[in-house]
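Below: the structure, in structure tokens.
Every chain is numbered from 1 and lettered A, B, ... according to where its sequence line falls, protein lines coming before strand lines.
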2 protein chains.
Amino acid sequence: MNKISLTYPIENSHHVACRDCALHPVCDPTPVGNIALDISETLVSKKTPVKAGEVIYQEGQPFEDLYAFTTGSAKEVWHYNQPEQQVISFKIIGELAGQNAIANGIYPYTLVALEDSSICTIRYQDLLNSAKSLPHLLTKVIQLLSVDSHHESEIRKSFAIATNAEAKVRSFLYNISSRYKNRGRNHIDIKLSMSRSEIASYLGITKETLSRSLTLLQNKGLVESSGKFIHISNFDLLSRHEESI
Amino acid sequence: MNKISLTYPIENSHHVACRDCALHPVCDPTPVGNIALDISETLVSKKTPVKAGEVIYQEGQPFEDLYAFTTGSAKEVWHYNQPEQQVISFKIIGELAGQNAIANGIYPYTLVALEDSSICTIRYQDLLNSAKSLPHLLTKVIQLLSVDSHHESEIRKSFAIATNAEAKVRSFLYNISSRYKNRGRNHIDIKLSMSRSEIASYLGITKETLSRSLTLLQNKGLVESSGKFIHISNFDLLSRHEESI
DNA sequence: CGATGGGTTGATCCGTATCAACTGAAGTGG
DNA sequence: CCACTTCAGTTGATACGGATCAACCCATCG
């Protein structure tokens, strides 16, 4: 394969525009004019840098903040201290983290930055307080959570459908690529910030099987992979879950 | 095994009390006194009967209502018309359905009653309208959705952890049992309203493997199963996901 | 009473885990 | 600046678990 095709700059490294961020509906409540600016200023602390490997919140810790990634990415893991830690989800640029803590008031998992990133933080209690004067804010939060709920069931669906390892990997790549696409970013040439072992843990397969599946997909001309860089050769074929490809 | 131990009446068949229903926070917004009663009366249409096999909503249909089961249960399926339909989730007594439609305004899956049931219906738009005068209602909705989000990621976690079929079945039974327990119902003797094939589809295994796993769990003294009736002999052991049992 | 369909049990084959060896890239120190 | 170390990732060989196909059991219903 031609390595050169993968070496041109990847967009992932740039800051996401505020309008493409998961928190945007909250940061920018359109209907209220210049009050909106105040909200955004006071409610959201913007673009704090975090280092690769840094823990943003820890499982068991009391819930306080929601986070959105404006650069970089993270993994959500269970049993962070255990030898065999389970990867629960990946958060990429523009996405929200911490929603699953609202239910019990405790972060159920640990969030760890996969690379040097920057995050916007919103204090949930402040959000609720502001909502007393701006009820419209709450419907935005509801929208955010519902998107999340749907997102989760989509993932679970594709997992249940995926009979073999290759299908799991395919749906993972499609899922990641779609998420970049939905944020208006380059979804054809992607840098995977997580390791093979982390992907494997997430998919419930071994890293060896993951590696083999990737070469299979490559031989079928669906993707070209070179280390952390993945080129999606055929986006539409990736989504099809028929066995016969 | 002693069949008699499984034949005494199962509580599942009784109506759930309003206070144990997922919609309860919405039906009964405590802080507003006698206005609350009006809300509950006008917003929620109560305990409509549905027959086994009846479709409550269909995938692709525009989102209008949230549903809560006061008796009975349902399955959420994808590709309802296809020969191989995929089971996405099960809804049991007291639980909410339809939340995952808020995001896109369309029901992503089809909801089918597994047995004769009765449901409370709430028109989402009416709920939002009422919220203009009672913003507190919206925080309740947020709470509902967050519980759902957490619930989903819990399930996905246990699936990723479950290396073999037996562990999947074990975590499924633990999950169902816990849900009855959380609603203050009998979680030791359970009637599974869904078929083996439906459970298998949900778990992503075959019905044969499911059957074998059940007998394994039975031999280990964790459960006693007789057709649709399951007796949880050791609730705590069921939750442990260590291989060595 | 025989038919039907859900559920269980059995035998075989294939896919993935496991264990092991190897490769290559990145980082370290002389 | 280059050997040495180290670790992520890939490739190979074997063993085991689950899918598949098939037969059988049993409850329900006409």
Can you tell me how far P of D/dG9 sits from CG of A/Leu210, to the nearest Å?
9 Å
Protein-nucleotide distance (A/Leu203, atom CG; C/dA17, atom C1'), rounded to Å
15 Å
Rounded to whole angstrom units, what separation is found between the CD atom of A/Gln218 and the P atom of D/dT10?
9 Å
No-H, no-angle donor-acceptor pair, B/Arg212 side chain to C/dG10 base, under 3.5 Å:
yes
Does any donor-acceptor pair link the side chain of A/Arg196 with the base of D/dT11 at a separation under 3.5 Å?
no
Taking any heavy-atom pair under 4.0 Å as a contact, classify A/Thr206: base, sugar-phosphate, or nothing.
base
Whole angstrom is fine here: how far is it from NZ in A/Lys207 over to P in D/dC7?
13 Å
Proximity to the side chain of A/Ala165 - top-ranked nucleotide from D/dC21, C/dT16, C/dT18:
C/dT16
When the ring planes of A/Phe159 and A/Tyr202 are compared, do they come out parallel, tilted or perpendicular, using 30° and 60° as the limits?
perpendicular
If you check the A/Lys228 side chain, which of D/dG17, D/dG9, C/dT8 turns out closest?
D/dG9
Measure the distance from CD1 on A/Ile205 to P on D/dC16 and round it to the nearest whole Å.
22 Å
Between atom CD in B/Glu198 and atom P in C/dG7, what is the gap in whole Å?
8 Å
Before you tell me yes or no, could you show the steps for A/Phe69 and A/Glu95 under side chain to side chain contact (heavy atoms under 4.5 Å, CB included), namely the whole-Å CA-CA distance, both residues' side-chain angles and the distance that decides it to 0.1 Å?
CA-CA 6 Å; A/Phe69 283 79; A/Glu95 292 185 334; 5.9 Å; no
Selected nucleotide, minimal atom distance to A/Asn164 side chain, candidates C/dT16, C/dG7, D/dG12:
C/dT16
Check the distance between D/dC25's C1' and B/Glu208's CD and give it to me in whole angstrom.
15 Å
Taking B/Val87's backbone N and O only, do any of them form a donor-acceptor pair with B/Ser201's side chain (distance below 3.5 Å, no angle check)?
yes
Given C/dG7, C/dC19, C/dT16, the nucleotide with the shortest approach to the side chain of A/Thr209
C/dT16
Look at the aromatic rings of B/Tyr107 and B/Tyr67 and report parallel, tilted or perpendicular, splitting at 30° and 60°.
tilted
Is the backbone N or O of A/Phe229 less than 3.5 Å from a side-chain atom of A/Ser226, with the two atoms forming a donor-acceptor pair by type?
no
Can you identify which nucleotide, out of C/dG7, D/dG9, D/dT10, has its nearest atom closest to the A/Ser211 side chain?
D/dT10
